[in-house]
Amino acid sequence: MMRSRIESAPPARRAAYEALYAIFEKDAYANLTLQQMFRRWSWKQEERRFLTELVYGVCRRYNALLWIIGQFSTRPVKKLDPSVRLLLCLGLYQLVYLNAVPDAAAVNETVNTAKKVTHAGGAKFVNAVLRNYLRQKETLRFPSEEKDAVLHDALTYNEPEWLVRRWVGAWGREKAQAVFAALNEIAPTDIRCNTLKTTREALMQQLCEMGAKPKAIPFAEEGIALGESMPFFRSAMLRDGLAYVQNRASMVPVQILAPKRGERVLDMCAAPGSKTTQIAAMMQDEGHIDAWDLYPHKIRLIEENCRRLGIRSVRGEARDASTLKQEAKERYDRVLLDAPCSGLGVLGRKTEMRWRRKEQDLAEFPVLQKKLLRCAAEYVKPGGRLVYSTCTLEWEENEAVVEAFLKEHPGFQLMPFSLPGIEGETGMCTLWPDVHHSDGFFAACLTRRTL
């Protein structure tokens, strides 16, 4: 009888290098990459934390690390081999930002990893740059605000220079800096109580018994802030569908949609089903919810989430929401369009997006958003409600899209709403990371006039 081979887990630093290579060279997502690693290998808790810190730390500080490399490298940073560049980022992150890691360990372990993943010359170069930094680190200073305000803010707040220019120009430097600072805080973990199985009060009591310090989120009836990190992601309450991990800002559009029992509701861009399942819970799973998304595998993900949460009122369909479905016109009491967007409001949680998104990319989103919103309008019954939302802070993707829509559709009007701590008197609201301690989000509430 053959024994099954158990693959031993690699050292945390080697795993961090592999994760960073996948993220920066293969466009992988940091959170999914780490989840895959944690399913494949078993580390002690302190190693898991160290691995997570290294990966997210390098993603968050990437431009500052590249700038530091440029101060001590004899070769242009852009011409460095990707493996060497990422190894230097990994080593420098430990040296610059992790005081608990001894300098010798940071250098030696990074060089040892370099010997295994690159050639001898690459390992020597990594060693030389890291030691050069240690010899001269006391002289290292970011450019001053007076010398180069944009570069200073880009390095201080870990954002691309084009975004610094854009947001400072849009909101002023003080507001932009406040938003950037908030996006650099460790993203809090929020969960949504599944009210089909329990109450928020009962779930918070369970969390307290697990050692957490939960707090109710005022503007989301089912929302709970977990506070300090805890082993929630391996808890029975998540596995058994008592709760769903969802940022507080993401809960707001459905609160504004306010679906009722027995209604027919459409979620046009639904995957992975966060808002779809929130809609079902608010309707007490009584009614009909259509959940559309472009890809069949994403519809399966919605269906899996529904099964875990005990939801039966949702019907998933793989379809292109930008193409009008004639037979669905004026069929729905409420329609939610959580539109594809630039995602600049979630840079706190999706740190790698800071370095992938380019300013020229932004022009493509309003075109698609306007097309989707035109289709969404066709599905709303007279007297029905349409909520448009994004996870970006860009005026061109938010207010401008809604204003253009209203000019084309006089049969719709903005509808004021009220949520604790959120201003909705105009029918539109923005959740700011620095104000609401959440992702950046936008939502607009529209209603179709009755004939």
Side-chain angles (χ1 to χ4, degrees), residues 196 250-296 298-303 305-307 309 311-341 367-390 401-402 404-417 427-428 443-451:
L196 298 174
S250 174
M251 302 180 202
V252 168
V254 177
Q255 294 285 336
I256 297 170
L257 189 69
K260 308 298 183 187
R261 293 171 65 179
E263 289 185 330
R264 181 176 288 271
V265 180
L266 171 62
D267 187 354
M268 284 182 64
C269 303
S274 305
K275 298 176 185 65
T276 311
T277 54
Q278 185 184 357
I279 291 168
M282 290 184 71
M283 294 170 61
Q284 299 178 48
D285 206 27
E286 295 181 20
H288 182 96
I289 303 166
D290 283 325
W292 297 349
D293 210 274
L294 188 59
Y295 302 104
K298 290 191 174 183
I299 295 299
R300 289 193 292 272
L301 181 57
I302 295 171
E303 292 169 345
N305 281 325
C306 286
R307 281 192 293 271
L309 296 170
I311 291 169
R312 299 182 179 181
S313 58
V314 172
R315 185 177 69 89
E317 180 182 350
R319 63 169 291 103
D320 182 355
S322 67
T323 301
L324 182 64
K325 186 177 182 179
Q326 292 288 342
E327 60 270 30
K329 292 176 69 172
E330 297 189 14
R331 189 179 184 187
Y332 297 95
D333 300 289
R334 302 180 195 251
V335 174
L336 173 64
L337 172 57
D338 187 45
C341 68
V367 176
L368 175 60
Q369 290 155 351
K370 290 174 183 177
K371 187 175 183 180
L372 287 166
L373 193 50
R374 292 188 199 104
C375 288
E378 296 287 347
Y379 304 133
V380 183
K381 292 179 180 179
R385 186 176 297 191
L386 167 60
V387 170
Y388 170 79
S389 62
T390 72
V401 170
V402 174
F405 169 80
L406 289 171
K407 287 180 180 177
E408 296 177 0
H409 297 78
F412 281 81
Q413 62 184 5
L414 284 164
M415 180 179 180
F417 56 87
M428 296 187 282
C445 184
L446 301 153
T447 185
R448 187 169 197 163
R449 304 176 195 267
T450 55
L451 301 177

What verdict does the side chain to side chain contact (heavy atoms under 4.5 Å, CB included) test give for Val402 and Leu414, after you've listed the backbone C-alpha separation in whole Å, the side-chain angles of each residue and the deciding distance to 0.1 Å?
CA-CA 9 Å; Val402 174; Leu414 284 164; 4.0 Å; yes
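- Between the side chain of Gln278 and the backbone N or O of Met251 there is at least one donor-acceptor pair closer than 3.5 Å.
- Counting all heavy atoms, side chain and backbone alike, Ala318 lies closest to Tyr295 at CB-C, 4.3 Å.
- For the pair Glu303/Val314, no side-chain contact is recorded, criterion being any heavy-atom separation below 4.5 Å from C-beta on.
- The environment of Arg312 atom CZ is sparse: at most 12 non-hydrogen atoms of other residues, nucleotides or ligands sit within 6.0 angstrom.
- Rounding to the nearest 0.5 angstrom, the gap separating the CG atom in Leu266 from the CZ atom in Arg331 is 9.5 Å.
- Pairing each heavy atom of Asp293 with each of Cys269, the nearest pair is OD2-C, 3.7 Å.
- In this structure, the separation between SG on Cys445 and CG on Leu257 is 8.0 Å, given to the nearest 0.5 Å.
- Looking only at distances, a side-chain donor or acceptor of Arg334 sits under 3.5 Å from a matching main-chain atom of Ala258.
- Contact record, Ala377 with Arg448: O-NH1, 3.1 Å, taken as the closest heavy-atom pair.
- Atom CD of Glu263 and atom CE of Met283 lie 6.0 Å apart (nearest 0.5 Å).
- Side-chain contact between Asp267 and Val254: absent, with no pair of heavy atoms (C-beta onward) separated by less than 4.5 Å.
- Residues Phe412 and Leu406 have side chains in contact (heavy-atom distance under 4.5 Å, counting atoms from C-beta outward).
- The backbone N or O of Pro410 sits less than 3.5 Å from a side-chain atom of Arg449, completing a donor-acceptor pair.
- Residue pairs meeting the side chain to side chain donor-acceptor pair (under 3.5 Å) criterion with at least one member in residues 376-387, sequence neighbours excluded: Asp333-Lys381.
- In this structure, Pro253 and Val387 approach most closely via the heavy-atom pair O-CG1, 3.9 Å.
- Between Leu309 and Leu196 there is no side-chain heavy-atom pair separated by less than 4.5 Å.
- The two residues Thr447 and Gly383 come nearest to each other via the heavy atoms OG1-O, 3.9 Å.
- At least one donor-acceptor pair closer than 3.5 Å links the side chain of Asn305 to the backbone N or O of Pro272.
- Between Ile299 and Glu317 the shortest side-chain heavy-atom distance does not fall below 4.5 Å.
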With a cut-off of 3.5 Å and sequence neighbours excluded, list every side-chain donor-acceptor pair involving residues 367-376.
residue, atom, partner, partner atom, Å
Gln369, NE2, Pro340, O, 3.0
Gln369, NE2, Glu397, OE1, 3.0
Arg374, NE, Glu408, OE1, 3.0

Please report the C-alpha distance between Arg264 and Asp290 in whole Å, then the side-chain angles of each, then the deciding distance to 0.1 Å, and finally whether the side chain to side chain contact (heavy atoms under 4.5 Å, CB included) criterion is met.
CA-CA 8 Å; Arg264 181 176 288 271; Asp290 283 325; 4.2 Å; yes
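- Of the possible donor and acceptor atoms, none in the side chain of Ser313 sits under 3.5 Å from a partner among the backbone N and O of His288.
- Between the CG atom of Leu294 and the CZ atom of Arg319 there is a distance of 10.0 Å, given to the nearest 0.5 Å.
- Between the CE atom in Met428 and the OG atom in Ser389 there is a gap of 14.0 Å [rounded to 0.5 Å].
- Separation of atoms CG (Leu336) and CD1 (Ile289) is listed at 11.0 Å; rounding is to 0.5 Å.
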